[in-house]
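Counting starts at 1 for both ligands and their atoms, in listed order. Nothing fancy with the numbering, it's 1 onward along the sequence.
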Amino acid sequence: MRILKISMSGVLTILTTFSIATAQPEAISPEDWALYQEGINPGEVFAEEIGGELFNKPMGSEKKSCASCHNPDDTKFINQIGKYPKYQKECNKVVSLQQRVQMCQAKYQKTKPFSLKSEQNVALVTYLKYIASGTKIDVDTSSNPVVKDYYEYGKEVFRTKRGKRYLSCQVCHEFAAGRRLRMQWLKPLGNGSINGVEGTAAAAHWPGYRMTKSKVFTIEQRFQQCMKNAGMKKLPLGSKEMVALELYITSLSNGAEINAPGLVR
Ligand code: HEC
Ligand code: HEC
């Protein structure tokens, strides 16, 4: 359990917004339960100490760090974080924040990018969402044909039933919102409410630290966990389907304040 070996110095952030009232303590490790009760979010320790260190570390032939070009206190930079997934002119695609980090590594640091599932990429993106906490989710879904195509495609992926139980994301997160599944409430993923059930504004608190797994995961990894649980074949991280789905689900939280990394079940 790597995270718990990290020093907790100076990171006594009080948990406020994320309720885990429905959590089942028996599924959470005793260490994590104790941390939660003391108001410590190990995800924030991960963001600051792993992500923050990588952000400041010179890498590649250029010996440049992210911080050489980006000031983490610059509001202009920070205000961009909630706009991802975002259209990029140079490749004429919508890319996730994770992919944007890879682009900077290749283009500006001239180094081999960390893979999407590596601890390093996850840490950098967690750090970016962490420093952007307090700003808003604000993704564009319609300003050009490519963006529109990604948005529509993401909606379709969300609604398409598949897998051995013939389920879609929509079945559980919209149609069945308010019902319970294996002790867990099914909730909408956006800002608004469905069937009288308040949405969780998921995009605002991912990457998140999952107490049942003692690790920080990205929102795409969270999608994969739902796919696995629902008996659907997992879509690959960073695929067009996945980025489109991320854009669609993030758009459901437009206007929500980022508060990441979340502390989730
Ligand atoms: C040599 C300078 C340089 C370095 C080093 C660099 N970047 Fe960038 N980055 C840029 C520039 C310039 C842009 C603007 C987009 C473009 O035109 O490519 C950018 C864009 C971004 C964006 C998107 C901002 C927006 O406006 O959408 C993020 C996020 C980002 N960089 C993160 C990182 C991270 C994390 C690292 C380290 C792994 C890093 N960058 C390293 C120069 C750099
Ligand atoms: C069989 C029902 C089911 C299906 C199908 C399903 N989910 Fe979930 N999902 C859940 C449950 C249960 C949770 C956990 C809720 C909790 O933690 O309180 C969850 C949680 C999530 C979360 C985290 C929510 C948050 O606010 O932290 C995301 C994101 C998510 N699902 C996305 C998806 C996506 C994308 C799909 C389709 C690929 C999908 N889910 C399909 C049942 C489902």
For this session: Would you check the N or O atoms of R100, main chain and side chain alike, for any that come under 3.5 Å of an N or O of ligand 1?
Result: yes
Exercise. Any N/O/S of H70 under 2.8 Å from atom 8 (Fe) of ligand 1?
Worked result: yes
Exercise. Does a side chain donor of either Y151 or D140 reach within less than 3.5 Å of an acceptor in the other side chain?
Worked result: no
Exercise. Has V171 got any heavy atom lying under 4.0 angstrom from an atom of ligand 2?
Worked result: no
Exercise. Would you call W206 a ligand 2 contact, heavy-atom distance under 4.0 Å?
Worked result: yes
For this session: Pick whichever of R165, K234, H173, M232 has a heavy atom sitting closest to atom 10 (C) of ligand 2.
Result: H173
For this session: Decide whether an N or O pair under 3.5 Å exists between Y108 and ligand 1.
Result: yes
Exercise. Would you say ligand 1 has an N or O under 3.5 Å from any N or O of Q109?
Worked result: no
Problem set entry | Contact check, I249 vs ligand 2, heavy-atom distance below 4.0 Å | yes
Problem set entry | K64 N/O under 3.5 Å from ligand 1 N/O | no
Exercise. Any N/O/S atom of C169 sitting less than 2.8 Å from atom 8 (Fe) of ligand 2, backbone or side chain?
Worked result: no
Exercise. Does an N or O anywhere in K86 fall below 3.5 Å from an N or O of ligand 1?
Worked result: yes
